[in-house]
Structure formats: structure tokens, C-alpha cells
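Residue numbers begin at 1 in each chain, while the letters A, B, ... track the order of the sequences. Values reported hereafter were calculated over all heavy atoms of this structure, with side chains retained and with hydrogens, waters and symmetry mates removed. Here the structure is a predicted model, which means the values were calculated and not measured.
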Amino acid sequence: MLVVRPADHSDLAGIEKLVTTSEARLTTLSNQRDLLSQRIELSRQSFSGEKSVAGKERFLFVMEDLSQQSDAKSCDSDIVGVAGIDACAGNGAPFYNYRKDELIHSSHQLDIHNRVPVLYMTHELTGKTQLCSLSIRREYKQGNALELLSRSRLLFIGLFREFFSREVIVEIQGKHTEDDGSSFWDSLGRHFFDMDFKSADYFSAIKTKTFIAELMPSHPIYVPLLSAQAQAVMGKPNDAASVGYQLLLREGFRTSKHLDIFDGGPTLIARLDDIHTLKNCHYKRFQLAEQRPKGSKFMVCNPTLSDFRCVLTGLDEHEQTVELEERQIQALRLHEDDRIAVVPF
Amino acid sequence: MLVVRPADHSDLAGIEKLVTTSEARLTTLSNQRDLLSQRIELSRQSFSGEKSVAGKERFLFVMEDLSQQSDAKSCDSDIVGVAGIDACAGNGAPFYNYRKDELIHSSHQLDIHNRVPVLYMTHELTGKTQLCSLSIRREYKQGNALELLSRSRLLFIGLFREFFSREVIVEIQGKHTEDDGSSFWDSLGRHFFDMDFKSADYFSAIKTKTFIAELMPSHPIYVPLLSAQAQAVMGKPNDAASVGYQLLLREGFRTSKHLDIFDGGPTLIARLDDIHTLKNCHYKRFQLAEQRPKGSKFMVCNPTLSDFRCVLTGLDEHEQTVELEERQIQALRLHEDDRIAVVPF
Amino acid sequence: MIVIRPIEQKDLGDLMRMAENAGSGLTTLPANEELLKAKITSSEESFSQKTDERHRFYMFALEDTDAGQIAGVCGLEAAVGLGDVWYNYRVSTTVNASSELGIHKQTPTLYLTNDMTGCSELCSLFLDADYRKGNNGRLLSKCRFLFLAQFAHLFSQKVFAEMRGYSDENGVSPFWESLGRKFFSLEFTRADYLTGVGQKSFIAELMPKYPIYLPFLSEEAQQIVGKTHDNTRPALAMLKSEGFNFNGLVDIFDAGPLVEAFVENIRAVRQSRLVTVEVGTAKPFDDSDRDPLLVSNTQYEDFRVTLFNKSSLVGKLLLISKEQAEYLKVNTGDQVRIVSLREPRLDSERTPSEAGSSKKLHGQDPTEFRTQEH
Amino acid sequence: MIVIRPIEQKDLGDLMRMAENAGSGLTTLPANEELLKAKITSSEESFSQKTDERHRFYMFALEDTDAGQIAGVCGLEAAVGLGDVWYNYRVSTTVNASSELGIHKQTPTLYLTNDMTGCSELCSLFLDADYRKGNNGRLLSKCRFLFLAQFAHLFSQKVFAEMRGYSDENGVSPFWESLGRKFFSLEFTRADYLTGVGQKSFIAELMPKYPIYLPFLSEEAQQIVGKTHDNTRPALAMLKSEGFNFNGLVDIFDAGPLVEAFVENIRAVRQSRLVTVEVGTAKPFDDSDRDPLLVSNTQYEDFRVTLFNKSSLVGKLLLISKEQAEYLKVNTGDQVRIVSLREPRLDSERTPSEAGSSKKLHGQDPTEFRTQEH
């Protein structure tokens, strides 16, 4: 049984292992142990509602496979996924994007009408709630795990809207070359940052944004002057990210005009009111099931801030009180008479 | 009785009279007779569905007060309002706006975080459907007339979506000074166009966009460098336009980041799917009323392209067939068994 | 005898023939009879002072009085960019540096500029192939310096010339291919033609307005920014020897260099002086002389320039024949302006030439430039 | 006797006293003992060739050997902007014109530029009030030109100086109030201090990067772009007389002008020459002489400069006393570099000075500039 829950300091080793073996680039989750530990602490404070982090909460969720806990202390960690929500993109610093606009260069006299795409540096997504740091162990990529992990965050946002902005964004990893470079980077950022894509990516995870302000070109960039390869990958998701990308589109996200400044990857955006998981979420009561619950597949969660937990189960959506197994109740840390929140899976 | 219908060549004098006495600036409707006549002809072709104007339809509606028709040939025209829809903002040429973005100038070391608003020239609204040219005779400003005129257009868009983009925009007249100047213009455009606001406004109505491409400053404009008055009026509607502005907000429009390049007036935008008039429109049948129809107030229209006509009436919204008076049926140019479209007023 | 004089309507036929020979590189001399006629008219109205001073355009013709035809022309614009807009790119340096990461990156960047607005321009130089020998080329080009010296108050303090940019053996400009083509949706020759005939709105409408970072252009385009066409090297070398410098301004279409000088610093202006004419018996001009005198009268409307051997100068008197006096339109006792056609050899006390001075700044070696003016 | 020599650690006390007197206008000489000590160290390491050539910073001290103290300093940076970023605004012209409407509008525009990157800089000139008399000011400032002449290979071809910008009687810079304050959220003095101590990241972080159209600034700010502080006029006049020009570059904080020259064109470099020393009996230097000789030895680490009367020069020999020889660190037979402290009066054959040459271009009259270097 998979459960999504707040990350805890005891998960450090498990998260570290996951991150270092991840295929996908995780700009927002460093693989340096001390930075990772700070990040977990910040998440703990966020889930505890501590005033000190108010307005810059960074929630970090892990997905644990409880069926693996039997062989505890095995070399395989039971942490099979990790995902985050930054309440406020940029976390107090500017959040950089390119915004792709089109200027029309038009001559009435010569009857020429050219649409010229231009990239403007923008900070306009700064402060919006951002889904980030999604990573999942390879063998869990198929099936429900990825969707459970990703949508648990949306459910959490819906339950605690007071922490979040009215729109949520997600930066999707852009298309990379076979050797983990980026054509977009090679045609644009490399000229100014004077480093390869991996280095830029690495520094953006561990440094303040000062170096971006110092090295990033300040004038708008004419897209027709970029290489054909760079133009081709602009706004396209990486294959490794495409399942998650599709999932978010189904959830009601749409592509925005924003691109990642490093790899040109797309940014998805949704108003909270348009996100299906939020729209379809309901509170219910539960009781102990006498047999394995049947019915449509639902995500069920403990809708409290510090004990937020989410699992998948079958249930009868027409009943106001649904049946949960003992192990589910335990995994969700529910007590008698607690409310639960459910949403169709 | 007020009826909204397509403008016709016979309305030329009436429209001209209305436009020349209008308080509100009407950039998109010239008061030069030959240009106005061309505009009516273009509207006629648009309502006729002529192929030659496909993709650049410009619909022009007039509101006629039929109760005035009795004293025909009186000096008062029966045309009391005019309003337009451009299927495609810019009508083939670039459509200019400023887009207000904010850059964050932030120094980690000095702990300084400045949000610097910047105006970028943009053409990104080019090609979107635009509501325009709204003007109404002063004595009709109070009451239902303005709303009927404005919303008739929305109803029309809902009925003939194939002509229009998925989003509709409206440029609202900005705040002007008492002598019909613009503080925004005086602080920005005047430096480059070397003319007063009225002249710029006039040329923008009658010239091609070449002069804008030639005279408009091409680099982004830092808002903190504009005059305090200019900053104060940016994005604010003129008092004369505020009723229409409120009406559109109630309809589901929201303010965008775009400003008029001349007077800094706001731009409203709505997805068709979010516009109340479109959401609440239904088809019904009609029959001749035996007495004056009672019930909730509705807009009723003849939902055909070339004979689109719209009036206000009371009707029973629960009946599939509603009752209309003879004079309403005539004003709507309905024939027996024709469908009608209705929407709550 | 070869003499320089203001162009006249009767020269239209000769001029049209020359324009047809010139090809597309010569923006300001398009092979269009109507336009050439207009240019001649414009020049005539300038020499006759009908035009406002700031809008005058002077065209000088090299006449072979024996053959009874003109064989070359050159132009002089009092001030550019006052009626329309005069565009150049300025090659500038952008530095991005992070001390935290130890990175320091310089990026050459092109800024669209109108900085030449109001300056005077040398333009439209063209000499028939048959006459490209002896001192004709220098005479034709440098005659303008005596005009500038004599009537400096009618010109800007700064004068410049745009040099035709590099193109390969097929006439392809790598700079245009890498930049202009992507924005103008025109052929280079058409853009060049429209500019030549003064229809410049399309530049404001289609031109990229934001700065262009040079690394976005092709390698080849980057390398030829500020380089001239091979055919243009001699003209550029001549201008440089007169004190013109490349200061980072280039043409927006082909990135050919713009060279500029303050009028008072031009060698032929600075070294020119007035002497008195004495008409009498004089030897005819020997064109095999490598170092003759450039001599002009001091008249505006009837401006004339021709060459004399230095032996004609005796003290402060220039001894000339009756025929020469007739063509120069001077009489005994009149003043003429003279200067060595070529710069006298440097002696050790002279100011070092500024040649090569802009090398560092823009990474190009201007000594490699050669030219023909646009 | 007054002699120029490389600064040493023992001068720290004197230097600190001078920096405290200098006030906030002197970006490169902050009254911070630790930083001044670092500057002296940097200079010592440059003169002793421990630093890479391109990163050397030379500081010269004016020593009063009788009083046993230094009373002035001046600096010379081999190349700016190689470690950090060197910013200026370039005042350029934007023209918007519509022939259809008959409109032609010129708008001065400020472009952020790093074009001085790699050039050498004259900086940190400061002379104690008590010593502002006689030839001390000229000696202190111009001593650097002999160093440049002697060791040209260690410097850029171009050298520049930034002149303190205009501020009113209350020390308020209208340019800063109208532009910088709105972006930096700092006081001018703090921004200036941070720049002086080399903490420049904040500029990249807070500075407006897009071009600034000048009409957006206050009337007063527009008028003082490229103007200097009153106290700075004499220094600017001196640099101009040596051949420095204003070419449209100004300081990003106070819009003070930057003047530049190619080293080979600096009067004191160009006119300087080597002569041989003969030590013997010589009259002491008479400082009432308005037109003395500037004389340096040819040594790098032990570079010295002082003044002599022209009467000391006899043919190609410079006759000096034992004391003078000691301070100059030369012996009979050694070569020294000499040049007139002031420019000899123009004769009619000389190249016209370029003074005033940029007038037209930028709408300012550079003859109005006065200065003190930043």
C-alpha cells in the first residue's frame, strides 16, 4: 500500500537515494545532504504551521510503500517518491522565466507581415504557488503511483488554500540531448553564463539568484536568431516528464507563455478553481470496513495540516460514511470521528 | 421600444450625428463620412457572410428607438446607440498595446527587493475578437439601453462563435484630463510622437499603423520614470466609460495586463466560456402574445446572421414557447416557426 | 584636361550609363533615370542655393574636356537623417560577470543607433573603369575635401563615409543572411534599393529594435562585422590616410564599416591653403606626376577642381595657362585653394596617425578595410 | 624638494588623512584604513611585478622631501572591468520619424554599456589643499603620462578618466535623484562607496538594464548629463589640453563625463623624449617657472618624476644637481624622459586640437567640463 505523507528527517537517506538515482532533473531539490536536510526542516516547519515560515512555506511530501516495510532495514528504502509544493515560487527571491511573446513586424507598403517570436525575461510568476521536486522510483513509474503522488499535492492545496496563491504553476523539464545537455541552453544561455548546462543547472539549485542577475542577458531575445534545434525544443516537455505533463493537462492545467530560462521547458498553469482534483473533493466520514472496501477508485486523505496523509482505495461514492480497512486507517493516522477528504481517482 | 440591429447605409447620417456628439473617444469609429461609410459597407458584408471579408469581419450594430419612429423625418435621429465587434483585433494590421510586467530587482547582499513595473510593447492581442465603437446618446445612458446594446454583441458572439476567437477583449477609455488630454500620453507618447493626445488619437483612427511603428519608442518603458499623474491613471477607466466597464466585469470579464498605448486605459478580457450572457443563452420558440408579456426581463433575439435583432421583453423562463407582441415580432423580423434565442437580462 | 565641376542636367545620359555599370553595391546611385534626374536637380538646387543649407546634396562630376563627357561622380550630403531616419548598428561590448562563480564573459552586441543624424556624408563615388588610372581616383574623391575646407560653415563638424560591406564571390553577404533576411523577408538588393531611393519606412516597420547579441549570428557573419568588400579597400585606405577612423558603427544591412572624421582633422582640409593665381604661359599638367597639387577655385556655384604639378607653385603664386584658367574659372590675382594630393611623408615630429586606434575596441583591424562608398 | 614616487606602506597615515579630507566624491579613495592599506599593497605588488600585467594598479605619491610627508596621490589602473564589470551610460540619439505625418523627433537615449572594459584608467587624483599651488597639481596628474609613455606595453591603447558629475551646493546629484534613487533604494553615497570598494554585484542586480529615454528624467537631470562638478573643472581642462575627449560616455550614478584618449595621442606622451643626464652643479628648481620640464627616470620599480627649469636642458643633456640625481635615482649617463609640463603654444602648422570635437554629437559643450577624477 502506497501512502503519501509529509517528509520527515528520518526520510533523509531515502530521499537522498531517490534523488541521486533520478533520471529527471530536479533543480529544486539538491542532492547535497545538508541542503536536503534544511529543506526537510523547512517542510516540517511548514506542515507545523510555524509563523517563522509564513508566506514562504515549502512543503515536501514523500510516498512510502508500506508493503515493503515488512523487510525493514533492507537496502531498498521504502521511500519510493518525493514531491513538493512551494507556496511562493522563488521563495522570496525573483523567479526567472522567459515569456514568449510575438511582435508583428509589418510593412503596409511592402505587404509584409512577419510574426517574430521574442523571449522576454520576466519575474511575473514570482510568488505563485509552484508544484516542484517530483521524483519517483523507476519501478513505480507505471501504474497509479505517479498520479497518486502528483495529485495528493493538489488535494492538499485544495484543503489548505489559505497557504497558496490563486494560480498554481509547474515547470516541466525541457527536452534534453542524449548526453544530458540542452540545445536551448547551447544556443542561448551558454553564450552568457559561459558554462555547460549541467553546471548552470547545478548552480541554480545551490546558489542564490545573484549569479542569474549577473550573467543572464538583459535584452529581449529574438527567437529566429536561435539555432533550429533550440527553436524546436522550446516549450516541449522531456520524454521523462511527459506522463506527469499529460496528467496535469487532464487536471485542467494549460501551457503558459513561460519557458524555463535554462532548458526552455514549458510551464503549466491552472487557476485553483479549474483544477479537477480541487473541484471534485468532498469531505466524508469513515468507519472500519468488515471486508476489503469495494467501489470506484478514490484518493482518501487525512485532511489535517500536520498529519496530511493520502492513500488509494475503493469506495462507494454515494455513501456519506465510507469503509476503510484497519491498515488504511492506521496509514492515514485517523481517529474515530475524524473527517476524511475524498476525490475520485 | 429599443431594438439592436445591424447597421445599414441608411443609418449613416444617424451614426455620424451620434459619433460627433459623443463624449467618449471612439478611436475605432471615425467621424469622417467616407470612412464611416466604408465601415458600414464592411459591416454589411460581414453580416452577409461574404467570403471577401472572411477572417476580418467587422460587425457594426445600431440601437434604434422605435418609439421615435412615429415622428419620422424629425431632426432627432432614431439611432440612439452604436456598437461594434471586430472579429480580429487589428483587422489584419498589428494591434498595439503596452503589457505591464514587473521585474524584481533584488539584491541578496543588500537585502533590497524592488518590484519595478515595466511596459513592453506587445502585439499579443492581435487577432483576438474585440468589442469596440460603443457609443450611446446621452439621454439613454441611464436605464437599460447601454446594457442591452453592449450585451447584444455578446449574445451575437455566442450565436456565431465560428467568426470569433476564444477570448474577447475590450479596450476601455482611460482617464483624461479636463481639457481632453491624457496625463499618460503627456508623460510617455508625446515625447516620441511629438503631438498632442487628440492628434495622436485622430491619426490612429484614420491612418495605417505605419506611423505607430515609426514613432513609438521600441525599448521597454520603466514605469517609475513616468510622471506621478501618468502612473496614477494607468489602467484606470474614464468616468464616462465606467458604467460599461462595470457591466463587463459583471459579465465575467477581468482586467488584463494590457494598457492602451495612447491613454493607458485598461483592457478587459474574457474567455467566451466565462461570459455570462453566452453561458445563459437558450433557444426557444415563440407565439403571438394575447396581452403584453409578463415575467422576468429577458433579451430576445432573432438568431440569424443577417437579420440579427435584439429587444428586451418580459417572459416566463420556464416555458419552451414564449409569448411576444406583434410589434416585437416585427422588430425582430421573425416569421412563424422561427427559433429565437433568449438570455436573462 | 580632367576637371571636377558640379553635375548638370546634360550629364544625365553619362550618369545613367555609369549607374548601370555600378551594380547593386552603390545604394545612393541606383540605375533609375527618374531618380538620377532628381539627384541632379537636387544638386543643381544646392549649388544655386535654392535649397536650405542643411538639406543640400552636392554632386561633383569628373569631366574629360577632351572627350566631352563625364567619367565619374561623387556626392556630398550636407546632413543625413534630418528628413528621414539614418540607421547604423553600433558594435558595443556587454560584460556579464559573477565574482562568486569566477565568470567573466564579454559579448559583442549590436545596438541600433541614429547617432550619425545631422552629420555630413561622403557618398556616391563612382569612376568609369576606363578612367581608373593615374590620379583620377584620388582627384575625384578628394575634390570634396577642398569644398569642405572652403565652405566648412555649410557642413557638420563631422563627416563620414559608409563602406560597402563584405560579400562573397557570389555577392552573398553573410551578415544579411544571418540577420537581415530573417526580419525583412526581402532580398538584400531590394532592401538596398529601397533605402537608396529614400523609402525607409520599411526599416522602422521590419527592423529588429532590440539589441542583437553577436554570438546569435553565424560564425561567418560575426567575423565580417566591420569588414569591407574587396573592391572597397583602396577607397577605405585613401580615407584612412586622410584621417578617417572606424569607431564601431556599421551598416545595418551588410555590416560594412562607417569611417568618420572631424572636418578640421581631415589631412587635405587641414593642410590646404590659399594662394594667388597668375595666368600666363605654363606647362600642361603631367599626369605621370605621383605627387601633384589638388587645386580648387573658391567659388560656390562654379566650383572647380583640377590637378597641377608642384612646379607650378612658385612661392605664393600658382602659375597656370589660359586654358587651365578658363576651366578653373579664375583670373590673375584670384585666390585658389591648394593641397598636396597625397599626404607628405611623415617626419618624426608629426602626430602619430590614429590609424589602427580602434583596433582594441572592436577586435577588428581597420587596416584591412578597403572600399568604395555606398 | 617635491618628487613623485610609488606609494609605500609607510604612507598609510598620510593617505588616510587625505582620504578623510576628500569626501564622498572620490569613489576610488574611500576613507577606510583597511581598504587603503589594500590599495597600497596592490600598488606595491604591481610595481614589484608580482601582479599579472593586466591587473596592476599603480599609485603614485607626491612627496615633499623637506616636510618628510606625502601630500598627494594619483592612481593608474592597467585595465578596468576584467575582474568585475565596468559600467557606463552611452548618450546616444534615437530618431523617430514619419514622413507621412511630417514628424521628426530626436530623443537622447542612455544605453548601459561596458565599452571601457580593458582600457586603462587615470583615477584617485588627490592633492592636499596646502599644496594646491605652483605646479604641484600638474606635476601630480601628468607624472602618469611619462609612466604611460615609458611603459606603454603594459597598458591599453586607450586611457580614460571619469570626472565627478554635477551636484548642487547641498551635494545633491539631480541625475541620481531622477534615476538611480528610483532603482537602487540607496543613498548616492552608499552606492558610490560600495562601487569604490569593489562590491558591484548590486549594480547588476538593481540597475535598470533597458535603455533610458532621457526625456523621462527631470529637466535638471537632463541638463547635467555629461557635466562635471565645479571643483572638477580644472582637472578636466587639464586633461582636455592633453588631448582627452568626451565621446558620450557618462557615469551611471551621477552622469559625470568620461574623457578618453589613445595613449599615443596624449600630448605629454607624444612630445616626450629621452635625454641624457649629467650630474654636477645645477641651480635648484625655481617653482615660480610657469613652464618647467616634467622629468622622469626610466625605471619601473623605482619610478620617479620631478620638475626642472628648461634652462637645465642643454642640447641633449639634462644638467642636474647631486641632490636631484639622488631623488630621481639617476647618475651621469643615464637616460631620463622629459616633456614640457604645459603644451607649447600652437603654431600654424600644428594639427588642430580635437577640443570641442564632440560638441555636435551629444549636444553638450565639453569646454564647459571641469574636473577631479573619481
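Contacts of A:T210 with chain B are made by side-chain atoms alone, with heavy-atom separations under 4.5 Å and no backbone atom involved.
Of all residues spanning residues 95-113 of chain A, those with a heavy atom less than 4.5 Å away from chain B's heavy atoms are A:R99, A:D101, A:E102, A:L103, A:I104, A:S106, A:H108, A:H113, arranged by number. Residues of residues 271-280 of chain A that come within less than 4.5 angstrom of chain B, heavy atom to heavy atom, are A:R271, A:D274 in numerical order.
Within the 4.5 Å cutoff, the side chain of B:E124 has heavy atoms near those of the A:K257 side chain.
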